[in-house]
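In what follows, a structure is listed as structure tokens, so that the remarks can point back to it.
All ligand and atom numbering here is 1-based and tracks the order in the structure. Just so you know, these numbers use all the heavy atoms, side chains as well, and skip hydrogens, waters and symmetry mates.
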Amino acid sequence: MENTPDILEEKIQEIERIGALMNAPSWLIEELKHFKRVYELGFRAPVGGELKHFTTYVVLHKNPFSSGDFPFKGGTRFHPGVTLPLLKMLAIEMTEKSALAGLPLGGAKAGMAIDPSVYEENVLRTIVDKRTEELLKAKIIDPYYYSPGPDVGTNAKTMYWMYNKIAESNLMLTHGVNAAACVSGKPIEHGGIPGREYSTAYGLLLQLRKFIELSGIKLSAKPTMAIQGFGNVGGNVALFAPKSQFGFKVVAVSDKDGGLYNPRGLDTGKLKAWHESKKTLKGFPGTENITNEELLALKVDILVPAALENQIHKDNAHRVLAKIVYEGGNQTVHADAYPILDSRKVSVIPGIAANVGGVIVSFLEWRINLSDRTHEVDREEQEKWVLKELEKIMHKIIVKIVAKSEERKISFVDSAHVLAMEAVWKRFKEKHSY
Ligand code: NAD
């Protein structure tokens, strides 16, 4: 159960339910249900000696936060499960993230239904180049209009390829800006910002620590953690969670091929290096193999689902034994699981709050690219600054979520959505005097 055909419909039902909870006017619900622009682009790229057809989408939801309707920001997903309804749902969630983090960016999401792992690197690069050319021809990419970052199936290398294509293109650069500002999540040596690579995971951990302190939920002295997904988000949560500033014990991790478990704790530094060199978790010494379903049902303090949508649903929610579910991914908990988790006193922090660190640091990267290039000697200082900004914003978000939840006697999930919708409401009202 990942990307159901109803995934957008379910998001709209959530908007309507939250709207009713806060007596939101119907115009606000309509604003959130509709999209500013949606693009479907076709292109061809050579694969295995033949020209293959590809279709890619870019969804721009709404930007109530800056004057005018732009710019938009959001990740690019390359995964066989990509559909337009999925990207629309994720674009709405990006608007909610901007609302919670106070960023002047509208929510966007883009993607393509391909499995990048089946292509040789040079073939994938050609596909990315052809796709970028198409975005340029359609005049979609522009730091003041739409600038993408990474998501599932894309990474710093993909972002660099895009940046490079934009930079060498004379279709672009109408404003005389640094072309690097068209794409975030780039490698540091190519206009990226220190900390972006691990920002989603690090931000999650900073916020989780604060949440534990604020909520007073009783956990083991060294809280245990299970993580589903071992990509940019899950792999970096695993890497940093045991560090002294966080002090969690990671006992289980998984990827699409299954998981590993060791109740005494995993050496996640070694595991990450193993995964990077072997491209699999399998065979890591001193561990027991488990399935993804078994991982979700482990008796741990904290469960971090950091893979795809709808992993926890009505048929497995009753098996979740964690006290806290902290969503590293987006919509990893299906709406029909919430009543079950609530009745079992499992606290859930939704992705719009928990994984917003990525877009926060993408925003900092965009700002720096628009203004200036930093000198190499500045990197250490810049990383400290990035992490400080990240910490401030991640903490602020969770403080507000916990306070709103106490004030309104609503779940943390509802509290996060109410706060996001309130911010959108306020900004649209100011803009359009509704
Ligand atoms: P990624 O492509 O780097 O990694 C995805 C991981 O999930 C891989 O380890 C893959 O094997 C695993 N996976 C896929 N299907 C699975 C399944 N059915 N069961 C278990 N594991 C499975 O992607 P990512 O960037 O880490 O993104 C993960 C989630 O976090 C997504 O929901 C994404 O939208 C969200 N997110 C990512 C960022 C970012 O900065 N990359 C920011 C915010 C939110």
Side-chain angles (χ1 to χ4, degrees), residues 1-3 7 73-82 86-87 89-94 96-98 100-101 107-111 114-117 148-159 183-186 192-193 195-204 207 226-239 252-260 271-272 275-276 279-282 290-296 303-313 316 326-333 350-363 365 390 394:
M1 187 175 181
E2 283 168 10
N3 176 8
I7 202 152
K73 193 140 199 43
T76 302
R77 183 175 291 199
F78 290 173
H79 185 271
V82 165
L86 172 74
L87 298 177
M89 181 281 284
L90 292 168
I92 299 175
E93 295 231 317
M94 287 307 296
E96 292 185 280
K97 289 183 204 187
S98 270
L100 285 179
K109 206 79 185 184
I114 62 165
D115 178 355
S117 68
D151 191 71
V152 175
T154 59
N155 53 29
K157 199 181 263 180
T158 328
M159 296 301 119
V183 183
S184 62
K186 303 175 296 297
I193 190 170
R196 172 60 184 94
E197 184 70 17
Y198 61 86
S199 56
T200 311
Y202 206 83
L204 181 150
Q207 197 189 68
I227 304 162
Q228 187 199 39
F230 205 76
N232 176 284
V233 183
N236 281 311
V237 169
L239 179 68
V253 296
S254 69
D255 68 7
K256 63 178 173 9
D257 301 321
L260 304 174
L271 179 57
K272 193 135 189 306
H275 186 258
E276 265 153 33
K279 307 288 172 228
T280 179
L281 293 167
K282 286 201 171 116
I290 53 168
T291 64
N292 264 291
E293 277 299 315
E294 285 166 343
L295 178 138
L296 297 175
L303 176 61
V304 179
L308 298 178
E309 296 72 32
N310 297 338
Q311 295 300 303
I312 301 172
H313 44 77
N316 65 7
Y326 228 83
E327 281 195 285
N330 298 304
Q331 290 276 357
T332 60
V333 180
I352 60 163
N355 69 39
V356 68
V359 70
I360 291 170
V361 178
S362 271
F363 166 69
E365 181 178 336
L390 182 64
M394 296 306 289

State the atoms of ligand 1, each with its element, that fall below the 4.0 Å cut-off from a heavy-atom position in [X].
X      : value
Gly153 : 2 (O)
Gly328 : 30 (O), 35 (C)
Asn330 : 32 (O), 33 (C), 34 (O), 35 (C), 44 (C)

I'd like to know if Glu93 and Lys97 make a salt bridge, using a cut-off of under 4.0 Å between side-chain N and carboxylate O.
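So Glu93 does not pair with Lys97 through a salt bridge.
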
Less than 4.0 Å is my threshold; does some heavy atom of [X] fall inside it relative to ligand 1?
X      : value
His79  : no
Glu293 : no
Gly75  : no

Partner set under salt bridge (Lys or Arg N to Asp or Glu O under 4.0 Å) for Lys186, not counting sequence neighbours
Glu365

Report the residues that fulfil salt bridge (Lys or Arg N to Asp or Glu O under 4.0 Å) with Lys109, sequence neighbours left out, ordered by chain and then residue number.
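Lys109 satisfies salt bridge (Lys or Arg N to Asp or Glu O under 4.0 Å) with Asp151 only.
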
For the pair Gln311 (side chain) and Glu309 (backbone), establish whether a donor and an acceptor sit closer than 3.5 Å, ignoring hydrogens and angles.
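Checked: pair present.
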
With rounding to the nearest 0.5 angstrom, report the [atom1] to [atom2] distance, [X] to [Y].
X      : Y      : atom1 : atom2 : value
Lys282 : Leu260 : NZ    : CG    : 9.5 Å
Leu296 : Gln228 : CG    : CD    : 5.0 Å
Ser254 : Ile290 : OG    : CD1   : 7.0 Å

For [atom], tell me which residue out of [options] has the closest non-hydrogen atom.
atom                    : options                        : result
atom 11 (O) of ligand 1 : Lys256, Lys97, Glu327          : Lys256
atom 29 (C) of ligand 1 : Ala354, Ala307, Gly229         : Ala307
atom 42 (C) of ligand 1 : Thr200, Leu295, Asn292, Val237 : Thr200
atom 24 (P) of ligand 1 : Thr280, Val233, Asn236         : Val233

Just checking, is any N or O donor in the side chain of Asn155 or Asn232 under 3.5 Å from an acceptor N or O on the other one?
no

Measure [X] to ligand 1 on non-hydrogen atoms and call it side chain, backbone, both or neither using the 4.0 Å cut-off.
X      : answer
Leu308 : side chain
Ala306 : backbone
Arg196 : side chain

What are the two closest heavy atoms between Ile312 and Pro305, and how far apart are they?
CD1-CG, 4.2 Å

